There are 4 protein chains.
Amino acid sequence: MILTLSCPDRPGIVAAVSGFLSDCGCNITDAQQFGDRSTGTFFMRVVFERPETLADEAVRAAFAPLAERFAMDWTLRGDERRRVMILTSRFDHCLADLLYRWRVDELPMTITGIVSNHPRDQIGHVDLGELPFHHLPIDVADKAAQERTLLRLIEDTGTELVVLARYMQILSDDFAGRLAGRCINIHHSFLPGFKGAKPYHQAHARGVKVIGATAHYVTADLDEGPIIQQDVEPISHRDTPDDLIRKGRDIERRVLARAVGHHLEDRVLLNGSKTVVFAD
Amino acid sequence: MILTLSCPDRPGIVAAVSGFLSDCGCNITDAQQFGDRSTGTFFMRVVFERPETLADEAVRAAFAPLAERFAMDWTLRGDERRRVMILTSRFDHCLADLLYRWRVDELPMTITGIVSNHPRDQIGHVDLGELPFHHLPIDVADKAAQERTLLRLIEDTGTELVVLARYMQILSDDFAGRLAGRCINIHHSFLPGFKGAKPYHQAHARGVKVIGATAHYVTADLDEGPIIQQDVEPISHRDTPDDLIRKGRDIERRVLARAVGHHLEDRVLLNGSKTVVFAD
Amino acid sequence: MILTLSCPDRPGIVAAVSGFLSDCGCNITDAQQFGDRSTGTFFMRVVFERPETLADEAVRAAFAPLAERFAMDWTLRGDERRRVMILTSRFDHCLADLLYRWRVDELPMTITGIVSNHPRDQIGHVDLGELPFHHLPIDVADKAAQERTLLRLIEDTGTELVVLARYMQILSDDFAGRLAGRCINIHHSFLPGFKGAKPYHQAHARGVKVIGATAHYVTADLDEGPIIQQDVEPISHRDTPDDLIRKGRDIERRVLARAVGHHLEDRVLLNGSKTVVFAD
Amino acid sequence: MILTLSCPDRPGIVAAVSGFLSDCGCNITDAQQFGDRSTGTFFMRVVFERPETLADEAVRAAFAPLAERFAMDWTLRGDERRRVMILTSRFDHCLADLLYRWRVDELPMTITGIVSNHPRDQIGHVDLGELPFHHLPIDVADKAAQERTLLRLIEDTGTELVVLARYMQILSDDFAGRLAGRCINIHHSFLPGFKGAKPYHQAHARGVKVIGATAHYVTADLDEGPIIQQDVEPISHRDTPDDLIRKGRDIERRVLARAVGHHLEDRVLLNGSKTVVFAD
């Protein structure tokens, strides 16, 4: 099982948690802690094996009083796979990459559906297999209608994580707020470098020598959410905007896949407008 | 010798240049070309060996008519070392690094002087050897006075390149303008990410996962000059602003040294507000 | 068109080539040269636009005498796409990646077929579309038989480049020799670090902190061919051999795709047991 | 204080350690654990603040019985700085870099001396300040004599860590054995790529596209000790062996400085012939 927690820092947290696990007969196989001095918050992630005689639910129930005592935000997960919905557009390189990694079991998740505002035949290069595909076109006169349909779909399918795999739509503040902490976006820029539209064209015009991409949790302000993962590639004067877009595809899919993987393994904890990432 | 040129693109430039060199008995050992389609400008750098019977000046004189015919901006240098002045502050890691590389002959230059607005004893960790040191304090009531002194020093010493090795002073527009194309600054940020003061604190507050530095030619707007070199390092939630500053020192000195080295080898050509870098 | 050439170094090569192109009315848009002093060989790659009135074949015919005069190894290609056959095994991540890049037009090639010694249903995650698939099982009693069939297939389909996308079979010396210079392999190791089988297990046992992959031209000695491209990723003590294999997949597909892309754009020239790569 | 420990893995270790610290009134500010399943060994590093009323020595004494119970290899350090001796040769770039980082307080250590088999005036570029310098020439007829002198110096100065900063001498097995676990070497190669002498020339001859360096603990077999840190840089066909040596200097000093820094902060734990590095 994987336990994550954050709480106000004070002496005795690790002792209490590890003592609890030891008393339950659980064996810690991996653990990381971090105390943020600037906010006085303590973060912890523990991977442990529970005795077979103890059900996941029993561990959770036994841990709850301790969690309350330390005022913890906490999660405690067993083997169940996260339920994930992927939203995409005609830019399907991130979708194709996520699906490949899912199929070779790099990303332990259950995909609840693929959603696009474009019809399925416009996602030509990707084999969706038996995955449910939902074409949710946007009515310019009533954009909120599509978001309502989408939100219902997210709820009906028990989706726990929404991945914006180059979805290319501006979300309403209300919609973004409802998905806070459980929706990951890939911004095709090395934030805060080039916010807004066409960042690769902006980067080319400025003549930078490195480009990058950013995976972050969605908040009302699309370019300001807590950053999970970033990566870059060098470029040269020879690169046209089209070259940047091509090179960017590699960075985007790599950065998004890592961020999703870390989220699925409960490695990412929210720390205000930032993240703590207990990477491997 | 090293020839660099830029001119309006049209057929026959390479043929004319290489024909000229061949007719002179020169042998090309390295060459790179680039045509920027968006501006219609052609860039070229050629390294060649001239016959011993031909003086540098003679090659220059013979090339001039051809350069005029194609409306070239051009330089043609022999073995003479560039004359370089280094401006610094109490943050002396870039200075120390440049001096070390100069001493082991990685940076082929003649240092015309070290300038700081702090007295020499505040640059405690660096062995200046016999290099002339100039303490040019700034009079807050008349900042222009120091710049005038500095400019005279630059001229009197025949300085061809000024390196701002964490000089930490805002240059006046007039001063910056006079040094256009021959003054390199290291900005302790991955531009255009965090302009202005204290970029590492800005980066920490935003929670980015990668930091970087930028070497660029100075223009009136200090954060907007043509970028020569950029590089980055990953960081984590554990890094405090002080850690970022420490890690930043490594990136800054590396990026600045590369930019200066490329300039000294005539690898950097200006292309409007951008650069063409014929890197090795 | 793209011209590549290598020949004994001597004065006048660039002048002759660029003069020829200029006389033909061709316009150079990109060019790179390199003289290897240790072997006395000169290498050149020129991209140029020919006048519409001149056919590709006419340029080739006109260039031949010049090439002969300088004893050049040379190629001169127009818009025709290279014909490429991909050999794979059950490890299909490189295959999936190459096909995706081909479909989004990152790799300008015509795929002549996919070959595996495993039946098609064992390549479960990859949509081959209408591409011809050839199941060529290996008879342990007569391994040469399969190679003969394969070689005939390569010839019958007019295949110009064979890509070993984790093909996992030892090629006979004779077969490897016939494909010299036109067969690219991805070795799942940072050569020459861990030659031979199971390099990720070797890397784990040695406790290295960085792993990598190598794309190279095939020669009789499978681990010794001219290297085209290498890349690495940091790893930590937490990584098991399985983690290395997973991280390795990302490096392998990236390195192989770059090597194939460079080959397709005539950026890779052989220099004895090494390569000259005129990268963008 | 910083506690490091390794011991046979079994349930209850973290609980016992954190319970002990909590009972002592200590507050954990950073901690990392790792269980190596292949060897059944558990590793832990804990940073904590002790109450002012408790001396370092008292914490150590109180911890000893617990350590014995779990059969721990352990260290428990307060604020005292490690005593470090640096051995060098005429290749002084690593020495210069370590001294600079020490002076700006990046490397918290007390330098007990600089040792070289060359006289001081051959280390021309580096300001040793008031640091004791020992010229220990090697008598080819009796190499062991110099090692005996060196070993006595190490003992007399209370040196805890010996850094081979491009020392360039083959150590005897006996000498290396005595320094096991407290002597760090920088190997100017990406091990196990090019063992032995002149690795950059080997790398050039093989035509690799990436070079690197390796910092490791010294063992009797100089190229086989536990690896602490590795890093790499891309190179191209243009790079001569001299270019590789120049680029290698940057990698070497960076890799060695990181390894020494990690050692000084008790981040490196030995795991048989490998290391566990609890990096920041």
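All values below were derived from every heavy atom in this structure, side-chain atoms included, with hydrogens, water molecules and symmetry-related copies excluded. We name chains A, B, ... by the order of the sequence lines, and we start the count at 1 in each one. Treat the numbers as computed from the prediction; the structure is a model and nothing was measured.
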- Task: Among C/I227, C/V277, C/D231, C/V232, single out the residue with the greatest number of heavy-atom pairs under 4.5 Å to chain D.
- Result: C/I227
- Query: In terms of side-chain heavy atoms, does D/K209 have a donor or acceptor partner in C/T214 at a distance below 3.5 Å?
  - Reply: no
- Note on the structure: The interface call for D/V208 against chain C, heavy-atom contacts under 4.5 Å, is both
- State the NZ-CZ distance between C/K274 and D/R206, to the nearest 0.5 angstrom. 10.5 Å
- Query: Considering residues, nucleotides and ligands other than C/R178, do more than 12 of their heavy atoms fall under 6.0 Å from its CZ?
  - Reply: no
- Message: Determine whether the aromatic ring centres of residues C/F43 and D/H237 are separated by less than 6.0 angstrom.
- Response: no
- Query: Which region of C/V210, side chain (C-beta onward) or backbone (N, CA, C, O), has a non-hydrogen atom less than 4.5 Å from a non-hydrogen atom of chain D, or is it both or neither?
  - Reply: both
- Task: Please flag which part of C/T275 lies under 4.5 Å from any non-hydrogen atom of chain D: side chain, backbone, both or neither.
- Result: both
- Query: Which distance, rounded to the nearest 0.5 Å, do you find between the OG of D/S236 and the CZ of C/F278?
  - Reply: 9.5 Å
- Taking atom CD1 of C/I235 and atom CD of D/Q230, what is their separation to the nearest 0.5 Å? 8.5 Å
- chain D contact via C/Q202 - side chain, backbone, both or neither, heavy atoms under 4.5 Å: neither
- Tell me, for C/A205 versus chain D, whether the close heavy atoms (under 4.5 Å) come from the side chain, the backbone, both or neither. backbone
- Among C/P234, C/G225, C/G212, single out the residue with the greatest number of heavy-atom pairs under 4.5 Å to chain D. C/G225
- Message: Which heavy atom of C/G193 sits nearest to which heavy atom of D/P192, and what is that distance?
- Response: O-CG, 3.4 Å
